[in-house]
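Dumping the structure here so I can ask a few things about it.
Counting starts at 1 for both ligands and their atoms, in listed order.
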Amino acid sequence: MPVPSHADVVVLARRPGPSILPGDLAVERRRVRPPGPGEVVVQNVVTSVDPYQLRMLRGSREVAQVDVGDPVPANSVGIVVQSADPGVPAGTQVTTYTGWQAYATTTIGPAEVADPELGGPADWLSVLGPAGITAYVGVHDVGRLRSGEAMLISAATGGVGGVAVQLAKAAGARVIAVAGGRQRIAHAVQVLGADTGLDYRDPAFPDQLREAAGDGIDIYFDNVGGRQLTLALSVLRNFGRAVLCGSVSSYARPDDPAGGADLTEAVFRRITLRGFIVSDYYPARRQPIRAELGAQLSAGKIRAVVTEFPGLDSAPKALATLFDRGGSQLGKRIVRITDG
Ligand code: NAP
């Protein structure tokens, strides 16, 4: 397949403020470097938008640094179109960390070959990708969910939360899903299989949560932090567990004093709070978890829910929607670069 000499790349043009604005990111045409020995050229088909990217673009210390002018880092799934690696021929589907670019020259490790029998590009960015693996690690490796337990999940209709709901149901839990707005909670119950869906924006949410919790929640899968974490702690059983996956409510405004959670209830209820970063689990767990998620996906036990944004130039807008409360985009948000 012919490889163009230049291709589109989305780069950081200036550091964003609390939210992504037009002009923070720019699409540029950059040279596609021919592959050196052991390298390949990948045509990226889809690329990911994720909440951590906002922190990265803003220069937050705890994530990898991106400088002005750099391509935006991201997981992407594509097809090898030119190869100088005999082990990875042209036509191989691969999942790489090559960012928001239409073509990338890179090496391919064994864990980056994306078996098309398990799924297509969108599956490899959602259920089989970091979102699905994060959900699995949070529910099982960290949460140690047991059949019959009650699990509360926030941002339950997003990329991570949507898979977590399905995995928790498949493991025999009672699941209370929290999301923004009627459409999202209907999706959580009717499509993802949650037992109860609650809208955190409803003024009666604290009462509804207490009622839905009944005699207590065993595990809280926290994607949001802030007020929702405070409320969740108040409905956990004594010696319950909180799995701290992310705190998206604070990403746009990390210095907002109203954004912090009150942990007082964790003391009185003797709660174990445990944060995790999915990449710590990659060396030992990525492949077995992918195999299990792939088997569940093929068997129809879980489904990949994806909202696609067309064209690389839609990536900044797609990223910005992650910080909307109660937006219309369900599941994992991805950008389709090409129909390939
Ligand atoms: P997502 O859930 O698909 O999208 C973010 C969702 O968060 C939004 O759709 C919105 O849902 C909710 N939200 C945004 N701003 C909010 C606010 N101010 N208050 C309350 N809810 C808000 O995103 P994702 O990629 O799956 O990520 C979910 C979480 O997992 C994030 O915290 C992310 O950082 C974390 N994560 C952690 C790891 C790890 O290794 N620990 C790996 C991947 C992701 P509603 O419309 O329902 O409000």
- Query: Y281 ring centre to R285 NZ or CZ under 6.0 Å, with the angle to the axis within 45°?
  - Reply: no
- Query: Can you find a side-chain donor-acceptor pair between Y200 and Q228 that sits under 3.5 Å?
  - Reply: no
- State plainly whether the residues R58 and D24 are in salt-bridge range, i.e. N to O under 4.0 Å. no
- Query: Does a side chain donor of either T47 or N75 reach within less than 3.5 Å of an acceptor in the other side chain?
  - Reply: no
Output block, N or O contacts of ligand 1, threshold 3.5 Å exclusive:
from, atom 1, to, atom 2, distance (Å)
ligand 1, 3 (O), G159, N, 2.9
ligand 1, 9 (O), R333, NH2, 2.7
ligand 1, 21 (N), Y200, OH, 3.3
ligand 1, 26 (O), G159, N, 3.2
ligand 1, 26 (O), V160, N, 2.7
ligand 1, 30 (O), N223, OD1, 3.4
ligand 1, 32 (O), N223, O, 2.8
ligand 1, 32 (O), Y251, OH, 3.4
ligand 1, 34 (O), Y251, OH, 2.8
ligand 1, 40 (O), V278, N, 2.7
ligand 1, 41 (N), C245, O, 2.9
ligand 1, 41 (N), F276, O, 2.9
ligand 1, 46 (O), R184, NE, 3.3
ligand 1, 46 (O), G326, N, 2.6
ligand 1, 47 (O), G180, N, 2.8
ligand 1, 47 (O), R184, NE, 3.3
ligand 1, 48 (O), Y200, OH, 2.4

- Donor-acceptor pair between R333 and T321 side chains, under 3.5 angstrom: yes
- Task: Classify the side-chain pair D222/Y220 by whether it contains a donor and acceptor separated by less than 3.5 Å.
- Result: yes
